[in-house]
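Heads up: the structure comes next, in structure tokens.
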Number of protein chains: 2
Amino acid sequence: MEKKNVTIKDVARKAGVSVPTASRALAGYGYVKRETREKVLKSAKNLGYQLNFVAKSLRTRKTQTIGYLLPDITNPFYAGIARGIQDVSFTRGYNAIICNNDNDILKTQQLFKMFIRNRVEGVIYSVPFNEALSEIVEIVKNNGIPVVNCYGSTRAPASDVVTGNVSEGCYKATMYLLELGHRDIAFLKVRGSGINARRLEGCKKAFEEFGLHVHPNLVIEADDFTQHSGYLNTKIMFAQSKRPSALFAFNERLAMGVLKAAKELGIVIPNDMSLIGVDDIMAELLEPPLTSVAIPTYEAGRTAASLLFNRVEKGNNELPVRHMLVEELLKIRASTGKADQE
Amino acid sequence: MEKKNVTIKDVARKAGVSVPTASRALAGYGYVKRETREKVLKSAKNLGYQLNFVAKSLRTRKTQTIGYLLPDITNPFYAGIARGIQDVSFTRGYNAIICNNDNDILKTQQLFKMFIRNRVEGVIYSVPFNEALSEIVEIVKNNGIPVVNCYGSTRAPASDVVTGNVSEGCYKATMYLLELGHRDIAFLKVRGSGINARRLEGCKKAFEEFGLHVHPNLVIEADDFTQHSGYLNTKIMFAQSKRPSALFAFNERLAMGVLKAAKELGIVIPNDMSLIGVDDIMAELLEPPLTSVAIPTYEAGRTAASLLFNRVEKGNNELPVRHMLVEELLKIRASTGKADQE
DNA sequence: AAGTAATATGATAACGATATCATAAATAAA
DNA sequence: TTTATTTATGATATCGTTATCATATTACTT
């Protein structure tokens, strides 16, 4: 009653056929007489046989597995992407090995090598830029494994890339603020973030359409994307200069920090100041519900997986490099309003 | 420049040794002369050799992989557990295959069978009870695979179980409310949830210590654990009966729904009513910051993984069944206050 | 110097499946 | 009937490693 470990050999013997015949019967592939197949299937069922996927993988050189590298699965942004990848994978009969790199390059290297050793058929990653990233991604590709970058560093090489129309999303949001009459709009971005830089581009474009320019003093650079950082920078900004009529934070956590600081300072949103965020994970649940640029993480994950499976099926080098965009939408809620009429 | 696919055979040939010797050198196992090892390692490095883990797994019957089944990775509660499992696994050189069942029993069966086919060395699950769950869990166990239940259905069999001291956590929270002078305390639970039933037990115990009883009318059963459900039930309750002086929702989403309903009804928390939640995922970020019973999901995941690896190492049947508790703590914030003095 | 133990290496088998090929039986075509 | 084709089955090789065992070499003991 301990371990059973039924192999196809047992199934074949019990059914009175050879191993290859049993294999064909179970796989439903090639020529097998109807009654033979039934005998084999019955035998398999009786013995409680479960295919050994490890052996199959070795022989067929297909592991039906892909790897996904992200910074941290407890970050809902990445969890959304992960879920999209998992769903597409599940439908195709694949598994995804999901690993956290905690933005640690040493871990990144370890994990990518692990992916290679495990002979994953493809890799998706969503990690920010790092000097050593390009190198290790190149190694993965040299091992014949297609790589898709999903909202990760655009500076690292990949077969295909999925990102949002980040500058357009922010363009729309800024246009919306401008149309509400706001002119003194502050932007809270994270220093060193390539995506945030592109977000700011979109905002500048909107200003230009109004014949205006973003005031450099109103572009604030946070050290990181934590709530605390948003809180701190807001406090500092409001202590130093005139309060802007609207604030656009390029990240939801930052926006939550702004919200908290504003509350403490007695600034009522949206009456005293409008606020826009990005991400749209908790936005609807905040007080007030936050107007924000929604990132369709689930769709991004699905798209990345689809691109990857295209390459897995067609052979990596058959296809040209593709760059797919998912649409970031402005969701208008209660944290924005018309500018003061003074 | 296409696929390289370097095997240990190539490494051995280039180093001028036999394959088994190369294997020993690379694994750092058994007798290998110092210079031989160096030759092999150099050869491996030059060729860009990466061990084929599939082949190794087949031979050693160790896949260094475990499976984790959860309802949905985008739910931060499960993401926390997943992260704990992943971290312990990573440290041990294992991978976790994480799969969502969406509370669908058909998927559950498919996924558990997939775990068996993939020859995972252990399985952890966090899924609610379902008639067919016991059956499939039993099949997994019969295949010699240890199973650990982490905050899942306690009615399904498993080698080991990890849960929180759920009734104690709620006992503490209720004691706190009682000590603040509250007597009309409403409880919002989810119908059919075994864990929520145990939570209520803890609350009742606290009442008994005060020589009181929970009023049955003040135990409200929600259909599910969504924010909407919390919102709806609050509206209904407040329309029908006298408003309680405190409300205890056994789930954060429910509590957020209560918060929203209260806001709409002009009920100020905590002045007009105290509110306590469970989970403590976003609690700190809500307005007002929510007093709640914190579930240490990350720790629970780590604990579950540790239990599992004990069995993986020691052999499944060597160890007695263990039930580990992680401590749920009451975090006091701004949503609770003294009862009215009327 | 002889015997024993430790070290080092390789030949062979095995893990559990599928791929490839050869051959036999059944069926269709001439 | 003969030949060609389709269907059915099994023998054998193979995927890339490690386990097991046998043997050769070196290093210690006495």
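Each chain gets a letter, A, B and so on, in the order its sequence line appears, and its residues count up from 1.
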Stretch residues 31-39 of chain A: residues that reach within less than 4.0 Å of DNA chain D through a heavy atom: Y31(A), V32(A), K33(A), T36(A)
Side-chain heavy atoms of T163(A) within contact of L325(A), under 4.5 Å: yes
For the backbone of V19(B) and the side chain of S23(B), can you confirm whether one donor and one acceptor N or O come within less than 3.5 Å of each other? no
State, yes or no, whether a side-chain contact exists between T108(B) and N130(B) at a heavy-atom distance under 4.5 Å. no
Using side-chain heavy atoms (C-beta onward) and a distance below 4.5 Å, is Y298(A) in contact with T74(B)? no
Enumerate the protein-to-nucleotides 22-28 of chain C contacts in which both atoms are nitrogen or oxygen and the separation is below 3.5 Å.
none

Just the rounded figure in Å: distance from P of dC15(C) to CD of Q64(B). 20 Å
For chain B, the stretch of DNA chain D it reaches, first to last nucleotide, under 4.0 Å of its heavy atoms: dG16(D) to dA19(D)
Checking K14(A) against Y49(A): charged group under 6.0 Å from the ring centre and within 45 degrees of the axis? no
For the helix from dA1(C)-dT30(D) to dA30(C)-dT1(D), measure the angle between the helix axis at one end and the axis at the other, each built from five pairs, rounding to 10°. 30°
Nearest nucleotide by nearest heavy atom, which residue falls closer to the 5' end of DNA chain C, R24(B) or R59(B)? R24(B)
Please give me every residue in residues 11-22 of chain A whose heavy atoms get under 4.0 Å of an atom in DNA chain D, ordered by residue number. V17(A), S18(A), P20(A), T21(A)
Side-chain heavy-atom pair L26(A), L51(A) within 4.5 angstrom cut-off: no
Can you confirm whether K107(A) is buried at NZ, in the sense that more than 12 heavy atoms of other residues, nucleotides or ligands lie under 6.0 Å from that atom? yes
Spacing between R61(B) atom CZ and dA14(C) atom P, to the nearest angstrom: 13 Å
Hey, what do you get for CD1 (I66(A)) to CD1 (I145(A)), rounding to the nearest 0.5 Å? 12.0 Å
For S153(A) and Y125(A), which I'm curious about, is there any donor-acceptor pair between the side chains at under 3.5 Å? no
Residue pair F90(A) / C99(B), side-chain heavy-atom distance below 4.5 Å: no
Can a salt bridge be assigned to the pair E35(B) and K39(B) using a cut-off of 4.0 Å between side-chain N and carboxylate O? no
Carboxylate-amine/guanidinium proximity below 4.0 Å for E121(A) and R92(A): no
Please examine the side chains of R83(B) and D72(A), heavy atoms only from C-beta on, and report whether any two atoms are closer than 4.5 Å. yes
Roughly how many Å is it from CG in D10(A) to P in dG16(C), rounded to a whole number? 9 Å
Which of residues 109-120 of chain B have a heavy atom under 4.0 Å from DNA chain C? none
Considering all heavy atoms, the nearest N100(A)-L111(A) contact: O-CD1, 3.4 Å
Side chains of F112(A) and L133(A): does their closest heavy-atom pair fall under 4.5 Å? yes
